[in-house]
Amino acid sequence: MTDAAAKPDATLGREIQAKIGLQLRTLYNDIVSEGVPDRFADLLNKLDKSSDDDKGSKA
Amino acid sequence: MTTLDPELRQAMLAAVPSLRAFAISLCGNVDRADDLVQEALLRALTNIESFEPGTNMPAWLFTILRNQFRSEYRKRRREVEDANGKYAENLKSLPEQPGHIEFAEFREALGQLPSDQREALILIGASGFSYEEAAKICGCAVGTIKSRVNRARTRLGDMLSIQGSEDIGPDAELRSVLTGTDPG
């Protein structure tokens, strides 16, 4: 009957684990939502062209 | 193969946001993380032939980045003993979330985890990889990933419940002990 009251630690543990999961995803997803910085878009585009120019002779 | 297949480039671009999120939450420093991402992309481009089309591009890139981070971490640990303290310090400099007062505490606690536990927790709890995928990325057994995630959660729970106990119940006794040490 008074199980819930008798186990505050378990409830506390669950609450904290839920919070941990949420905060971890928040930290992560906030960065994901920044998208692709120009630096990396440029890098992939530039390398694409330069590899075309530099290694075009590969038989 | 002289040019990067547009499909592959698209797949790489699509993976960049989560690759960055992994790198930043792994090492705690945005600049260093972005360098890691850049190196990983360069390495991936150099070894693009070893990528099997149709397989998981994010997992492939995460593996490359993770291996770089590990070898760099090993080097750095010799130089900087307090790598974990540094992580917490770095993450604190990230923009603060309004309404997330405990967020800084969380970041600090995350930074105090051993890096193998931290990476396992991020891969499973945030990146959304399966245990099998995470095990491949980290080059270990599935059971190892599971136990690392469990240990990470337990340890974070311990750290945060000590800090968070003030919110949950009155802790006047502890507080008076902490603040009452001065009068004497």
Side-chain angles (χ1 to χ4, degrees), chain A, chain B residues 1-6 8-10 12-25 30 33-34 37-38 40-42 44-46 48 91 94-95 97 100 102-103 105-107 109-110 118 121-122 124-128 152-154 156-161 163-165 167-169:
Chain A
M1 256 182 4
T2 52
D3 265 7
K7 292 179 183 172
D9 284 357
T11 310
L12 182 62
R14 270 197 302 278
E15 274 172 21
I16 282 167
Q17 286 307 321
K19 207 180 278 183
I20 287 169
L22 184 68
Q23 285 177 331
L24 182 65
R25 287 191 298 276
T26 303
L27 172 68
Y28 195 90
N29 291 333
D30 281 353
I31 304 166
V32 170
S33 67
E34 289 174 11
V36 183
D38 291 344
R39 174 183 175 179
F40 301 121
D42 292 348
L43 173 81
L44 287 172
N45 293 327
K46 194 173 66 189
L47 281 185
D48 187 15
K49 286 189 197 111
S50 68
S51 69
D52 201 10
D53 295 341
D54 298 346
K55 297 172 193 169
S57 59
K58 192 181 174 187
Chain B
M1 178 180 221
T2 56
T3 54
L4 180 62
D5 188 316
L8 286 179
R9 185 175 55 206
Q10 201 45 51
M12 288 174 82
L13 276 172
V16 167
S18 54
L19 194 63
R20 275 188 84 224
F22 178 54
I24 293 172
S25 41
V30 176
D34 278 344
V37 171
Q38 172 130 355
L41 291 175
L42 286 171
L45 287 164
T46 312
I48 197 73
L91 265 194
L94 286 176
Q97 291 294 304
H100 288 266
E102 298 154 332
F103 210 47
E105 287 171 9
F106 170 75
R107 290 171 180 173
L110 186 65
R118 186 161 63 236
L121 182 71
I122 296 164
I124 296 299
S127 304
R153 286 188 174 136
T154 305
L156 282 180
D158 288 348
M159 285 191 271
L160 296 172
S161 59
Q163 286 168 332
S165 56
D167 305 333
I168 283 140

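Values in this document were obtained by computation on a predicted structure and should not be read as measured data. A note on names: the letters A, B, ... follow the listed sequences, proteins ahead of strands, and every chain is numbered from 1.
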A:Tyr28 versus B:Ser18, closest heavy-atom pair with distance: OH-O, 3.1 Å
How far apart are the closest heavy atoms of A:Phe40 and B:Asp34, and which atoms are they? CZ-O, 3.4 Å
Walk me through it: do A:Asn45 and B:Arg9 pass the test side-chain contact (heavy atoms from CB on, under 4.5 Å)? CA-CA 8 Å; A:Asn45 293 327; B:Arg9 185 175 55 206; 3.7 Å; yes
Closest non-hydrogen atom pair between A:Gln23 and B:Phe103, with its separation: O-CE1, 3.4 Å
How many angstroms lie between CD in A:Gln17 and OG1 in B:Thr154, if you round to the nearest 0.5 Å? 6.5 Å
For B:Ala126 against A:Arg25, the heavy-atom pair lying closest together: CA-CG, 4.4 Å
Step by step, work out the side-chain contact (heavy atoms from CB on, under 4.5 Å) result for A:Leu24 and B:Leu156. CA-CA 11 Å; A:Leu24 182 65; B:Leu156 282 180; over 6 Å; no
How about B:Leu42 and A:Leu43: do any of their side-chain heavy atoms sit closer than 4.5 Å? yes
Minimum heavy-atom separation for A:Ile20 and B:Gly157, please, with both atom names. CD1-N, 3.5 Å
Verdict with reasoning, A:Ile31 to B:Phe22, per side-chain contact (heavy atoms from CB on, under 4.5 Å): CA-CA 9 Å; A:Ile31 304 166; B:Phe22 178 54; over 6 Å; no
Nearest non-hydrogen partners of B:Ser25 and A:Leu27, listed with the distance: CB-CD2, 4.1 Å
